[in-house]
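In this text, all values refer to a predicted model and were calculated from it rather than measured experimentally.
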Amino acid sequence: PYTTLFRSEFRLNTALNPQFALSHFNLGIAYDRKAAALDPQVNFPWGARSATTAVRDLLDEAIDAYKQGISLDTNVAAAHLNLGAALTAKGDFDSAIAEFQKAIALDPSQPVPYIDLAIVLGERGDPVDAAAQVRVALALDPNSALAYFSLGCILRENGETDSAIAAYKSALALSPGLATAHTNLGLIYDQIGNHQDAIGEYQKSLVIDPNNDRTHYDLGNAFKETHELDAAIDEYKMALTLNSSLTEAHINLGNSLKDQDKVDAAIDEYRKALIVSPENPIAHNDLGWAFALKGNRSEERRVGKECRSRW
């Protein structure tokens, strides 16, 4: 309610004082906050870009407000920074880069624009330049957990596993409540086959953020790798309680149930996966094998044909 009220006040202020740049900047911030309330990933680095119409409409409103303010006063670094962040959330990386560069030119002493620029460069597949930007930010603020976290993401994407682990650990030493750093550490440990340490990191993440469906799913995968099927099943079920449209959780739950010889229950999960993602070839393939285990040859052949048509 308060976000709506102060957005209304800033909208009124811009109508009354259309040449007052700060009113436009504040209106942009208000739209940003509303978008973040609907989708917290909007303001989180390395998050999925928002696809919901309501959030994208709010981001468009924020972008328009920032641009209007900048047209009246081009020398406010924070306005360029906020405009760049909104453009990043929309997936307009080229325009975002230009805004972050303007923010840096106006005030090169602030670390955040370098981090935001690094995030976009990393998203665009330029890890070397992205890492260089983060290191500038760390030179300006050696205690920036966000900078270390962003560096970890860049290094992980570039396959520099050991350095990514060190960066995430540095981020967590500065900010122990950074759940995503624990999750990303877990993903690296899983990747290199260190599943027990992965389990520990996912569990730490879930203490901080217990309702994260993806982390429950990742923890389920780690338990499956260590052959702790009951624990894996519990985590997949929790992930699906939080997000019933998580196709891969239905599939992996089905696989775990099948490994326990609960083939009928596995078939139910594969069918649920196909309700969510009718074209998913893995779900069709696994369902076909489940029917084979049941001796249902006609269903096996039908599903196998469906599977082949989707690979």
Side-chain angles (χ1 to χ4, degrees), residues 41 47-48 51 156-157 159 161 179-180 182-311:
Q41 291 289 348
R156 176 183 163 223
E157 288 296 317
T161 302
T180 309
H182 285 295
T183 299
N184 287 5
L185 265 178
L187 291 170
I188 292 176
Y189 287 139
D190 264 338
Q191 182 183 348
I192 63 177
N194 188 351
H195 303 301
Q196 288 296 343
D197 281 351
I199 288 169
E201 293 301 329
Y202 296 140
Q203 289 173 331
K204 290 174 187 175
S205 180
L206 288 168
V207 170
I208 301 163
D209 183 11
N211 293 323
N212 190 302
D213 57 298
R214 293 294 316 188
T215 307
H216 282 287
Y217 169 74
D218 293 331
L219 179 55
N221 288 343
F223 278 132
K224 193 171 188 301
E225 289 292 337
T226 59
H227 307 291
E228 299 172 74
L229 291 180
D230 286 337
I233 287 168
D234 287 343
E235 292 303 323
Y236 292 139
K237 286 181 176 178
M238 178 58 72
L240 290 165
T241 298
L242 294 165
N243 180 4
S244 61
S245 65
L246 201 59
T247 304
E248 53 268 49
H250 284 295
I251 293 171
N252 285 6
L253 175 55
N255 291 338
S256 298
L257 291 165
K258 185 174 65 177
D259 289 344
Q260 291 187 330
D261 296 324
K262 300 174 182 176
V263 180
D264 288 333
I267 288 170
D268 287 343
E269 291 304 322
Y270 299 140
R271 282 174 165 160
K272 289 175 184 175
L274 289 168
I275 290 171
V276 178
S277 301
E279 301 297 315
N280 190 294
I282 296 172
H284 281 288
N285 181 70
D286 291 345
L287 180 57
W289 279 110
F291 282 132
L293 289 173
K294 291 285 290 181
N296 191 332
R297 301 296 297 175
S298 61
E299 278 298 297
E300 177 195 355
R301 286 192 294 272
R302 183 189 67 78
V303 174
K305 184 177 180 180
E306 287 284 324
C307 177
R308 287 189 296 275
S309 71
R310 287 168 170 79
W311 281 103

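Put simply, the side chain of E269 does not reach to within 4.5 Å of the side chain of D286, judged on heavy atoms. The side-chain heavy atoms of Q203 and V207, taken from C-beta on, include no pair separated by under 4.5 Å. Residues E248 and V276 fail the side-chain proximity criterion, which asks for heavy atoms closer than 4.5 Å. The side-chain heavy atoms of R156 and T161, taken from C-beta on, include no pair separated by under 4.5 Å. A 4.5 Å side-chain heavy-atom check between K294 and D264 finds at least one atom pair inside the cut-off.
The distance from atom OG of S245 to atom CD1 of I275, rounded to the nearest 0.5 Å, is 12.5 Å. The NZ atom of K258 sits 12.0 Å away from atom CG of L229, with the distance rounded to the nearest 0.5 Å. Separating the CG atom in N194 from the CD1 atom in I199 is a distance of 9.5 Å, to the nearest 0.5 Å. Distance CG/D218 to CG/L187: 5.0 Å, rounded to 0.5 Å. Of the inter-residue distances, the one linking D197 atom CG with Y189 atom OH reads 5.5 Å to the nearest 0.5 angstrom. In this structure, T180 OG1 and D209 CG are separated by 7.0 Å, a value rounded to the nearest 0.5 Å.
The two residues Y202 and A222 come nearest to each other via the heavy atoms CE1-CB, 3.9 Å. Closest heavy-atom contact between P278 and H284: O-NE2, 2.9 Å. For A290 against V263, the heavy-atom pair with the smallest separation is O-CG1, 3.5 Å. Nearest heavy-atom pair, L246 versus A239, reported as atom, atom and distance to 0.1 Å: CD2-CB, 4.1 Å.
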For this session: Dump the intermediate steps for side chain to side chain contact (heavy atoms under 4.5 Å, CB included) on E235 and N221, then the final yes or no.
Result: CA-CA 9 Å; E235 292 303 323; N221 288 343; over 6 Å; no

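Side-chain atoms of S244 never come within 3.5 Å of backbone atoms of L240 as a donor-acceptor pair (strictly under, hydrogens ignored). A distance-only check finds no donor-acceptor pair linking the side chain of S277 to the backbone of L274 [under 3.5 Å]. Of the possible polar contacts, none joining the H216 side chain to the T241 backbone as a donor-acceptor pair under 3.5 Å is found. Judged by distance alone, with hydrogens and angles left aside, the side-chain atoms of H195 form no donor-acceptor pair with the main-chain N or O of K224 at under 3.5 Å. At least one donor-acceptor pair under 3.5 Å links the side chain of S256 to the backbone N or O of N252. A donor-acceptor pair is defined here as one N or O able to donate and one able to accept, closer than 3.5 Å; such a pair exists between the side chain of Y270 and the backbone of N255.
Residues passing the side-chain hydrogen bond (donor to acceptor under 3.5 Å, both in side chains) test with E225: none are found, sequence neighbours excluded. Applying the side-chain contact (heavy atoms from CB on, under 4.5 Å) rule to A273 yields the partners T247, H250, I251, A283; only residues at least two apart in sequence or on another chain are considered. Residues forming a side-chain contact (heavy atoms from CB on, under 4.5 Å) with D268 (at least two apart in sequence, or on another chain): none.
Between the side chains of N212 and T215, at least one donor N or O sits under 3.5 Å from an acceptor N or O. At a cut-off of 3.5 Å, with distance as the only test, no side-chain donor of Y217 or N243 sits close to an acceptor on the other residue.
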